[in-house]
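Just below is one structure, and these are the notes that go with it.
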Amino acid sequence: MTVLRREGRLIGRYPMATVLVAGLIAVSMSNKPADAQEAPLAPDWEVSVTLYGWMLSLDGSASIQGNEVDLDVPFRTIIENLDGGVMSQVDLRYGRLGGFVNGVYGRVTADERLPFGVTGLEAAADVRITFLEFGVSYALDPLPLGASGKSSVSVAPYIGGRYTDVDLKLALEGRRRDADIGFTDPIVGIRTDWWFGPNIELALRGDIGGFGVGSEFSWQVIGAAGYTFGLLAEDNATAFLGYRVLGQDYTGSNGDNEEAWDVVTHGPVLGLRFKF
């Protein structure tokens with residue numbers, strides 16, 4: 001049995017990520033300038049649907065039936081063995097209040113033997129990963145940027161949860177090892193949207209969660225640049241490109257065996273958002 005070594009690797013591996021999350025929270029708590037002109041928020045319902053692809057890689061380790069296996073799996077390996085995936089988000093907003101649901105599902109199967117990093121082991125694998133995020137937000141008044149009045153930044157704190165389910169089936173050293181790791185984290189975070197003119201957007205989002213309720217600790221940072229244009233209607237679509245990083249540190253048990261998911265999931269994001 002391999003003993004897991006957990007020395008804050010999630011935070012230590014990406015220290016700037018936690019700094020960015022803290023910075024976003026600080027932005028939301030700062031006082032707005034006295035001369036800032038408030039832009040009213042429309043009291044109408046707004047619905048948007050986002051379809052996107054997350055070109056993810058895995059960096060970390062998992063404990064399956066008491067055995068630690070390395071999961072340093074690059075995007076190229078995942079895409080070559082990807083059986084299918086679904087990624088989308090739905091946002092609702094009425095005035096200041098908003099809600100969102102974001103779902104990611106992917107399945108990777110490999111009949112050939114794949115390397116598992118520093119362990120020096122190889123395995124045939126069937127890996128299914130599901131992330132389901134949900135929450136509510138409250139939008140503050142947009143703040144103008146510069147004297148032209150064409151640029152602005154909006155801040156929306158949010159709270160919610162993130163459900164994670166990881167189904168691992170490995171044929172390792174001639175033995176089959178299975179694990180079904182599932183947990184739900186409470187999360188709290190901030191989203192900021194920076195508009196540079198009517199069409200160019202920079203969105204930054206960060207949250208932390210877990211707090212021992214689901215995982216011991218989790219964090220996420222997303223940054224994306226977007227361009228809004230008309231697709232069958234005026235300014236109803238936004239194409240965006242960005243990067244998403246999700247770190248999770250979970251330890252649980254299945255009978256007498258310890259199960260753990262100490263992994264950073266990260267990669268570029270490419271998508272298209274439609275507003276209705």
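A quick note: this is a predicted structure, and the numbers were derived from the prediction, not measured.
At least one donor-acceptor pair closer than 3.5 Å links the side chain of N199 to the backbone N or O of T228. With hydrogens and angles ignored, the 3.5 Å screen pairs a side-chain donor or acceptor of R96 with a backbone N or O of A139. With S151 contributing its side chain and L145 its backbone, the two residues share no donor-acceptor pair below 3.5 Å.
For S218 and R162, the side-chain atoms include at least one donor-acceptor pair closer than 3.5 Å. Using modelled atom types, one finds no donor on one side chain facing an acceptor on the other under 3.5 Å when comparing T238 with E201.
Side chains of L97 and V136 form no contact here, defined as non-hydrogen atoms less than 4.5 Å apart. Looking at heavy atoms from C-beta onward, I78 lies in side-chain contact with L58 at the 4.5 angstrom threshold. Considering only heavy atoms from C-beta on, V263 stays 4.5 Å or farther from V166 through its side chain. Taking 4.5 Å as the limit, some side-chain heavy atom of V245 sits within range of a side-chain heavy atom of W219. In this structure, P157 and I190 have side chains that are in contact, with non-hydrogen atoms separated by less than 4.5 Å. N102 is listed as a side-chain neighbour of Y52, based on a closest heavy-atom distance under 4.5 Å. Side-chain atoms of T164 and D185, non-hydrogen and from C-beta on, never get closer than 4.5 Å to each other. Considering only heavy atoms from C-beta on, L170 comes within 4.5 Å of V69 through its side chain.
A distance of 12.0 Å separates OG in S63 from CH2 in W261, rounded to the nearest 0.5 Å. From E258, atom CD reaches atom OG of S253 across 8.5 Å, with rounding to the nearest 0.5 Å. Taking CH2 from W195 and CD1 from I200, the interatomic distance works out to 10.0 Å, rounded to the nearest 0.5 Å.
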- prompt: Hey, mind stepping through D91 and R93 against salt bridge (charged side-chain N to carboxylate O under 4.0 Å, His left out) and telling me if it holds?
  reply: CA-CA 7 Å; D91 292 272; R93 195 175 86 173; over 6 Å; no

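The neighbour count for L82 CG, taken as heavy atoms of other residues, nucleotides or ligands under 6.0 Å away, is above 12.
Using bins of under 30°, 30° to 60° and over 60° for the plane-to-plane angle, the ring pair F183/Y250 lands in the parallel bin.
Applying the salt bridge (Lys or Arg N to Asp or Glu O under 4.0 Å) test to D165 and every residue at least two apart in sequence or in another chain returns nothing. Partners of F229 under the side-chain contact (heavy atoms from CB on, under 4.5 Å) rule, at least two apart in sequence or in another chain, are Y227, L231, A237, A239, L272.
For the salt bridge (charged side-chain N to carboxylate O under 4.0 Å, His left out) condition, no pair includes a residue of residues 49-58, sequence neighbours left out. Screening residues 144-156 for salt bridge (charged side-chain N to carboxylate O under 4.0 Å, His left out) gives no qualifying pairs among residues at least two apart or on separate chains. Applying the salt bridge (charged side-chain N to carboxylate O under 4.0 Å, His left out) definition to pairs two or more places apart or across chains, none involves residues 263-272.
Applying the 4.5 Å side-chain rule to ILVMFWY residues, one finds F100, I187 in the same cluster as Y158.
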